[in-house]
Each structure stands twice: as C-alpha cells, then as structure tokens.
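Report on the structure given below.
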Protein chains: 2
Amino acid sequence: MALRYALLGLLTKGEATGYELNQRFKETMIHFWKAHHTQIYRELGKMEQEQLVSSHVIHQVEYPDKKLYKLEKQGQHLLLQWMMNMNVAQPTLKDDLLLKASLFHLIPKDVALSYLQKAKEQHLFGVGLMNEWRTTHFPGNEFSSADLGEYLTSEFGRRYMQHWIDWCDWAMAIIESEKNKESIERKQE
Amino acid sequence: MALRYALLGLLTKGEATGYELNQRFKETMIHFWKAHHTQIYRELGKMEQEQLVSSHVIHQVEYPDKKLYKLEKQGQHLLLQWMMNMNVAQPTLKDDLLLKASLFHLIPKDVALSYLQKAKEQHLFGVGLMNEWRTTHFPGNEFSSADLGEYLTSEFGRRYMQHWIDWCDWAMAIIESEKNKESIERKQE
DNA sequence: TACACATATGTGAAAATGCACATATTGATA
DNA sequence: TATCAATATGTGCATTTTCACATATGTGTA
C-alpha cells in the first residue's frame, strides 16, 4: 500500500519515467524500501487510473519510447494527507543473514566466520559508495531545503551500514574467543 | 521461502506449538524477521505434508487443544543444507517512518520533529526491554553453546535500536538548526 | 456487567511481491 | 564475432503476506 506513497514522494521532485523511478529507488531508498521494477510499473498504471498521476509518451528513435509520469493534484493531496497522519505502519524486515546468524550454533565456527567476513566486506563497500554519493550530492554537508529528507535518510543508511560493520567485528571476536575456549578444552582432555 | 528455515531453526531448540513459535518469533526474531501467525500455521501444515516436521495433538481441558510440532530428520537435513549453502538472499525492508522521513521537506518541521521524537521514545523503550531480556537470558554475558546465535542476534537488535536513537537525536538537531536558520531569515526581511 | 486479553488454531480472499519471460536497439567488452 | 549491459515497459503466473473473520473458555479490568 505504501509503495504508492514512495512513488508519489519521488514524483514531488519532478516528472519521471518508471525506469527512472526504479533507479531512484535503488539509489536513495534502498536502505528502507525495496520494490521490483514490475511492481513499480504496475503501481504507476493503477495510480494513473485513479488519476493520482498522469503520463504522456515520449517517442525516442534510438531507444524504446518512454512514459513520463507527472504528479497530479489528487496525488499530491493524498500524499500530504498520508504524511500528516501520524499513524506509522510497523516496519517489516527479512534478513537472511541475520536469520542464519541466529542459527550459528548449528554450523562450524569457521563457516559462521566466513558469513560474517563476507557481510562485513559488503557493508564496507556500501559505506564507501555512500560516502562518495554524499560528498557529490551534499558537498560540505550542505543541502537544499527540498533535499532535507534525502539528507537525513542517507545518513541513516550510512550509519546503518557502519552499525553492521561494527556488529560483524564484535560477533567475529565472540566466535573467535569461543573457538579458543574449545581448543583449550581439547588440550585439557 | 525462508520462513520455513526460521521455523525449522526454532524447532532445533525443542518441540513447540504454532502458538509458541509465533511468540518466539516476536521475542527473538523481531529484529530481522516478521511473520503473521496465520502464515506460521500454514507453513507448519505444509512442512508436515512434506514430512519435514511431525505433530501430535495434546488435549487440554481449560484451553483449546494444541498441536506440538517436532523437527524430523528430513527437516533437520534441509535446514543444515541451507545453513551450509553460502548463498544469502537480499534482505527486504519496508520502513514507513524512514519513508516519511525521506519526504520531510513536504511537511512542517514541527511535525517532522514529533515523528522523530516518537520513534526515539519507542526505541528507547525497546532498548530497555532488550537489556532486561539479555540480563535474564545471558547473566554476565554468559551463554550456552546452543545459544550462540541468539546471543549474537540479540546484540544486533540492541545495537540497531541504539543506532536508531542516535540517528533520531542527530536528525532532530539538524531540523532544529534548519528551523533557526529560517527564523533568522525571517528577522532579516 | 461489559470488555479486553491470553490461550490456541485455523480458513477464505485480497493484496503485495517476485520470477520468468517478451520486445527492440545501441554500444562496449571478451 | 558473440555475448552482455543499458535503455524502456510491460504480461502472466506463482508465491508470499496480510486482513477479516471464526471458534471456545478462563481471567482480569473498568
């Protein structure tokens, strides 16, 4: 249900095609929302029927035609109503790696460690990308008033990844120390 | 698809009813997985058909009968296979509050601040609960080897909530300073 | 006395989501 | 020379997830 608010929200920054909206999703909303491109196209179609957005086709010679979507008054109204309604839906999260981590007692410690190492590297890479992104988009931590939200949530993403990295380090240290305990016990036998 | 691994994983700790599994979900997996109780019952039914788990009914006089589920060899095998397969699915996340936060430029700053204040309070409360839970389950940070996973992921949850609190503080400070800038601008006009 | 809550397990239907596939062209890489 | 990625928009189907509802009883609360 809230996917439409995400799309309407992106459209407040200007007209865009489904393809561009998908890209912006991946760029700026990846830390709190995921949507498959087929879902985005479908939702845009529905919203056009409900007259929340409108579109017109732009013919392209070298590439396929594209459909530029524009936020309509009704959509703007609906979005603002949602923003001003203080009800906040419960977040939903499914994290495969954390699920596996919760079951690390079932597998060899070295396998657990390699899961964590890999996760740490991915998040290290992510932090790097994010820092780059932020220095190009908000040089000197300056942002225009229309970018307030993006500024806040991109910092959330950066911190979230850093939190992951720190936790991976902590968890790997715990597992290493458990490994040591085991080898001491073996020696004493 | 991975819901079944979560359930199989919980069942490695002993037999349980669907009701209990739902409770354990809320207690220990809330920070990385959510499942509606109807989904849990349905998945258990499917897994029983596939002989991954088995059940027997326990008659109760004062309460409705309950069905105790037990992990079967095939289920154990499937779970371990999944644990040892290093493929990790992309996490999915939908966070209403962060979506709203990304659109804070659309609403008055005081409304934005009250969203953040509320979120901060909720996470403060959550950290408190988590600290209690951890001191009862892992007094002196001691844990049995079968609880390694739970020990690691509950710490993830604790840190995650702390990360939220810190971010809320940071974001509120940013918005306050933007408010001040505005009022200075108004005075200069 | 009425209502909510905990206990306990589900069904039917709708909505949301993901997967495989389809189309068409250019430019880059192996 | 062949394959892959980027551009651009979708359909059909299956799976996943949620929502409203149904059942039944004891206990605590307003």
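What you see is a predicted model, and the numbers here were worked out from it, not measured in a lab. Residue numbers start from 1 in every chain, and the chains themselves are labelled A, B, ... in the order their sequence lines are given, proteins ahead of strands.
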Practice item. Using the salt bridge (Lys or Arg N to Asp or Glu O under 4.0 Å) rule, pick out the option among A:Glu182, A:Glu176, A:Glu178 that qualifies with A:Lys109. Key: A:Glu182
Point to revise | Phosphate OP1/OP2 of C:dT17: any A:Gln39 side-chain N/O under 4.0 Å | key: yes
**Study point:** Between C1' of D:dA5 and CD of A:Gln23, the distance in whole Å
**Key:** 13 Å
Check your understanding: Base, sugar-phosphate, or nothing for A:Glu43, non-hydrogen atoms under 4.0 angstrom?
Key -> nothing
Exercise for review: Would you mind classifying the nucleic acid contact of A:Lys67 as base, sugar-phosphate or nothing, using non-hydrogen atoms under 4.0 angstrom?
Suggested key: sugar-phosphate
Review point. Do A:Tyr160 and B:Tyr160 have their ring centres less than 6.0 Å from each other?
Key: yes
Study note, to complete from the structure: Taken to the nearest whole Å, CZ/B:Arg4 to C1'/D:dT17 is 15 Å
Exercise for review: For A:Glu20, answer base if it contacts any base atom (sugar-phosphate contacts may also be present), sugar-phosphate if it contacts only those atoms, and nothing otherwise; contact means non-hydrogen atoms under 4.0 Å.
Suggested key: nothing
Check your understanding: Any side-chain donor-acceptor pair under 3.5 Å between B:Gln122 and B:Trp164?
Key -> no
Exercise for review: Could you tell me whether B:Lys120 sits above the aromatic face of B:Trp167, with NZ or CZ closer than 6.0 angstrom to the six-membered ring centre and within 45 degrees of the axis?
Suggested key: no
Extract from the structure each pairing of a protein N or O with an N or O of nucleotides 19-29 of chain D at less than 3.5 Å, listing the distance.
{"residue": "D:dC19", "atom": "N4", "partner": "B:Thr38", "partner atom": "OG1", "Å": "3.4"}

Review point. Could you state the CG-C1' distance from A:Leu93 to C:dT17, rounded to the nearest angstrom?
Key: 16 Å
Study note, to complete from the structure: Taken to the nearest whole Å, NZ/B:Lys66 to P/C:dG10 is 14 Å
Review point. What is the nucleic acid contact for A:Lys46, judged by heavy atoms within less than 4.0 Å: base, sugar-phosphate only, or nothing?
Key: sugar-phosphate
Check your understanding: Do B:Gln117 and B:Glu121 have side-chain N/O donor and acceptor atoms under 3.5 Å apart?
Key -> yes
Exercise for review: Decide whether a cation-pi geometry holds between B:Arg134 and B:Tyr151; the criteria are a distance under 6.0 Å from NZ or CZ to the six-membered ring centre and an angle within 45° of the ring axis.
Suggested key: yes
Review point. At their closest point, which heavy atom of B:Ala16 faces which heavy atom of B:Leu11, and how far apart are they?
Key: N-CD2, 3.9 Å
Practice item. Round to the nearest Å and state the distance from B:Lys94 atom NZ to D:dT16 atom P. Key: 15 Å
Point to revise | Integer-rounded Å distance: D:dT18 P and A:Leu3 CG | key: 15 Å
